[in-house]
Amino acid sequence: MKEVEELTAAEAAEELKNIAAEMAKSDIAYYQNDAPYLSDAAYDELKLRNSRIEARFPELIRSDSPSKKVGAPIRPDFGKVRHRFPMLSLGDIFSIEELDDFIMSVKRFLNTSEDIAFMAEPKIDGLSFSARYEKGRFVQGATRGDGTTGEDITENLKTIRGLPQQLNGNVPEILEIRGEVYMSKADFFALNQKYEAEGKKAFANPRNAAAGSLRQLDANITAERNLSIFAYTWGEVSERVWDSQADFFEHLKIWGFPVNPNNKLCHTVKEIEDSFIRLGEIRSSLPYDIDGMVYKVNSIALQERLGFLTRTPRWAIAHKFPAEQAVTKINDIRIQVGRTGALTPVADLEPINVGGVIVSHATLHNEDEIKRKDIRIGDSVIIQRAGDVIPQVVEVIKDKRPEDSREFEFPHTCPQCGAHAIREEDEAVRRCTGGLTCPAQAIERIIHFVSREAFDIEGLGRKIVEEFYKEGIVTSPVDIFSLERRNNDGDLFAHQNNAPLHLEMREGWGKKSVDNLFKAINAKRRIDLPRFIYSLGIRQVGTATARLIAKNYGSFNRFMDDMINKETLKLVEIDGIGGAMAKDIVEFFAEDHNLKTINGLLQEISVEDFVDETDYSSPIAGKTVVFTGTLEKMTRSEAKAKALSLGAKVSGSVSKNTDYVIIGADAGSKASKAKELGIKTLSEEEFLELIK
Ligand code: IVH
């Protein structure tokens, strides 16, 4: 093979084309046929060569380039996509009897006594997507949203390896394919393990992980997660070239979509029931979560005769598995203390297998829940995993209550630090008042401080934070930034014998790992304002609120001055911050130890002012604009992002407050309303001219 440097443009173009085809083929083998023929290494090598050629010949980058499958530009906001055909949901049934009823009702409606063929499909527990193809090219992706309007996730879907960018074979000019995005159990556990090691909050289940990964404004984050898809139905099509669900699946495979290998065409009621039982048996060994089966009348002609109820088709139904339950014993109840001091009761269980997962504890939520369900230590209980990894106690089996069962006395002091634990009126939770003198709260605060959305310090995971805390090496966020100094000066001392200590001497650590840790810490001595505010761990202040505050105050000093002066009203004036939240924020700054931590941090790090990148000098700054119809030169979300970055407000509807309506092809009522109200309308070209 020639070196990249020696390729002519023609050779490069030829090779880029071949690599794109080869990698697309490999993706089909990998995802659809479960028969990969390229090793991961070989796949990565192709990808690398592709990007090196592209780097040399950027003008030759193909629209279906494999490099476009990972990484995408940041979207400031999700655009909206109106589904031309609504994305419906399905009716639910929970038993074989209801299944028989369903089949009977279908037959009655069609006035036939003959057996009807049904496609029985695993019901994937993920989130549905819609992918639009024009002339075989992927052009737009959307979430289901409310069924009528979804979010524009085009860039996110492009990063999913299983979703073809370019379809093979004979493809209708317009083809909208729908299916499920999911995360495999293995990828889910790996992701959570990584998160836990880094002290980040784990996802509750693969479905949440998939949703959290897909609905990211920054598609680069989606690209880092391993998401997969199965295709199973369609939306708008210019020409339907299949006449049954089975036939549709054959087309999907040819076009290049992953189709679930457990879909089964059933000709009799018996076959349907058997397929349900079989799927229940293999459920726990499948590499992804399913929550039941979907049965669809196979013939499209019959589907069309059956039609729809209000929101669900008459020709399909979802048969749900019962939640996975098991009976076991509560050996003990203990209290966990969280970052904000919340005391959460947790049941230690006699370990038991629930649907393939060994469960050894369950959350009891709070003290009222224990009373309401009358849960006692020693009780036999039914526990349930309903998709979630945190199992719950459904009910106590009272007949089995042993003589020596004990009621749990919910403590009024913190089991970790002994401070009073109080429950405020209207609150379900009891909280430790120890603040940072409580080791549990202090540790959780530090873990929050270094977590991904805060300082994001690599190498400081939960385990190390706990060790450092217990050994007195890091007891507050400030200590993280003085760690290197103290280590070099020999100022770290072992807790027990007060002997001098160097991190390099820790078991399993060497110079390299210590250097890496310091490097990771030092890389974070400059931080942007939203992250910094979030990192403080103020109750109720998540990333979104932190951003709001940052945007409003611009600098940390301005924010802190106001908070020290207890300017609650100024906080409440911010759109999105309510009274209760404002109170928590002001109270945070009223605590001496918090101010001490903040001042200590400001000695070590610098907090960047919030830079608002909006261009307020543009001709549309401060104006309200509405986009309608199909735009040609950019997607709706690009247009929206552009307008926002130029200081405009983007609205979804035309009113007398609208300044400009930008009209694309096939615009409807909004265009006429604009004319009615005498609002200035612009074509796409005129708009681009205006903002040039
Ligand atoms: S068909 C009108 N097939 O279940 C038919 N849905 O409860 C629309 N789902 O929103 C859906 N696996 O997210 C269909 N093989 C499958 C499915 C499936 C999972 C989800 C889908 C849908 C929900 C309906």
Side-chain angles (χ1 to χ4, degrees), residues 32 81 83-94 98-99 102 106 118-131 141-151 153 157 160 162-163 176-184 205-211 214-215 227-237 240 242 244-246 248-249 251-253 257-266 272 275-276 279-280 283 286-300 302-321 386-387:
Q32 187 179 316
V81 176
H83 302 303
R84 305 198 192 193
F85 287 78
M87 288 180 78
L88 299 167
S89 54
L90 296 170
D92 284 334
I93 55 172
F94 296 91
E98 285 177 294
L99 168 60
F102 167 70
V106 169
F118 281 86
M119 182 61 76
E121 307 171 14
K123 186 170 186 301
I124 316 300
D125 198 6
L127 61 155
S128 44
F129 73 92
S130 185
T143 61
R144 176 167 180 271
D146 62 4
T148 318
T149 311
E151 289 154 326
I153 49 161
L157 281 184
I160 298 181
L163 187 94
E176 215 181 300
I177 294 300
R178 294 174 177 178
E180 204 84 352
V181 176
Y182 66 93
M183 187 180 284
S184 76
N205 54 46
R207 213 202 79 83
N208 286 357
L214 185 65
R215 297 174 61 241
L227 293 176
S228 310
I229 61 156
F230 281 122
Y232 51 65
T233 194
W234 64 92
E236 186 183 13
V237 282
R240 178 165 56 71
W242 54 94
S244 70
Q245 181 72 8
F248 175 60
F249 281 153
H251 280 82
L252 281 178
K253 289 182 200 163
F257 290 97
V259 175
N260 195 299
N262 288 301
N263 294 337
K264 189 173 180 309
L265 184 60
C266 300
I272 298 178
S275 76
F276 180 77
L279 202 68
R283 177 181 184 188
L286 289 176
Y288 43 83
D289 273 350
I290 58 174
D291 56 348
M293 279 199 108
V294 178
Y295 311 121
K296 299 172 185 166
V297 169
N298 187 45
S299 148
I300 313 282
L302 294 184
Q303 286 185 8
E304 283 174 351
R305 278 178 59 196
L306 284 155
F308 296 87
L309 296 157
T310 349
R311 290 188 52 89
T312 58
R314 238 186 235 107
W315 45 265
I317 200 98
H319 188 171
K320 296 276 193 71
F321 291 129

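When a ligand or atom number is given, it counts from 1 through the structure's own listing order. Everything numeric in this text was worked out from a predicted model, so none of it was measured. Excluded from the calculations below are hydrogen atoms, water molecules and symmetry mates; all remaining heavy atoms, backbone and side chain alike, are included.
Using a 4.5 Å cut-off on side-chain heavy atoms (C-beta onward), Tyr232 and Ser128 make contact. Between His83 and Thr149 the shortest side-chain heavy-atom distance does not fall below 4.5 Å.
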Glu176 vs Arg178, salt bridge (Lys or Arg N to Asp or Glu O under 4.0 Å): CA-CA, chis, key distance, verdict
CA-CA 7 Å; Glu176 215 181 300; Arg178 294 174 177 178; 2.8 Å; yes
Go through it in stages, so that I can follow the logic: the residues are Asn263 and Phe249, the test is side chain to side chain contact (heavy atoms under 4.5 Å, CB included), and I'd like the CA-CA distance, side-chain angles, deciding distance and then a yes or no.
CA-CA 9 Å; Asn263 294 337; Phe249 281 153; 3.3 Å; yes
Stepwise side chain to side chain contact (heavy atoms under 4.5 Å, CB included) test for Val81 and Glu151:
CA-CA 6 Å; Val81 176; Glu151 289 154 326; over 6 Å; no
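Taking atom 15 (N) of ligand 1 as the reference point, the nearest protein heavy-atom neighbour is Glu121 OE1, 2.7 Å. With respect to atom 8 (C) of ligand 1, the closest heavy atom belonging to the protein is Leu88 O, 4.0 Å. In terms of protein heavy atoms, atom 5 (C) of ligand 1 is closest to Leu90 CD2, 3.7 Å. Counting protein heavy atoms only, atom 12 (N) of ligand 1 is closest to Ile124 N, 3.1 Å. Looking from atom 14 (C) of ligand 1 to the surrounding protein, the closest heavy atom is Tyr232 CE1, 3.2 Å. Glu180 OE1, 2.8 Å is the protein heavy atom nearest to atom 13 (O) of ligand 1. Nearest non-hydrogen protein atom to atom 10 (O) of ligand 1 is Ser128 OG, 3.8 Å.
Close N/O approach between Trp315 and ligand 1 is not found [any backbone or side-chain N/O within under 3.5 Å].
Of all the heavy atoms of Thr233, none lies under 4.0 Å from any atom of ligand 1, so neither backbone nor side chain is involved. With a heavy-atom cut-off of 4.0 Å, Ala316 does not touch ligand 1 at all. Using a 4.0 Å cut-off between heavy atoms, Pro313 contacts ligand 1 through its side chain alone, with no backbone atom that close.
Side-chain contact annotation: Glu121 with Gln245, donor-acceptor N/O pair under 3.5 Å present.
By the side-chain hydrogen bond (donor to acceptor under 3.5 Å, both in side chains) test, Arg283 pairs with no residue at all, sequence neighbours left out. With sequence neighbours left out, Arg84 forms a side-chain hydrogen bond (donor to acceptor under 3.5 Å, both in side chains) with no residue at all.
Considering Met87, Lys123, Lys320, Lys296 only, the shortest heavy-atom separation from atom 3 (N) of ligand 1 involves Lys296.
Judged by the shortest distance from any of its heavy atoms, Pro122 lies inside the 4.0 Å radius around the atoms of ligand 1.
Aromatic pair Phe118/Tyr295: centroids not less than 6.0 angstrom apart.
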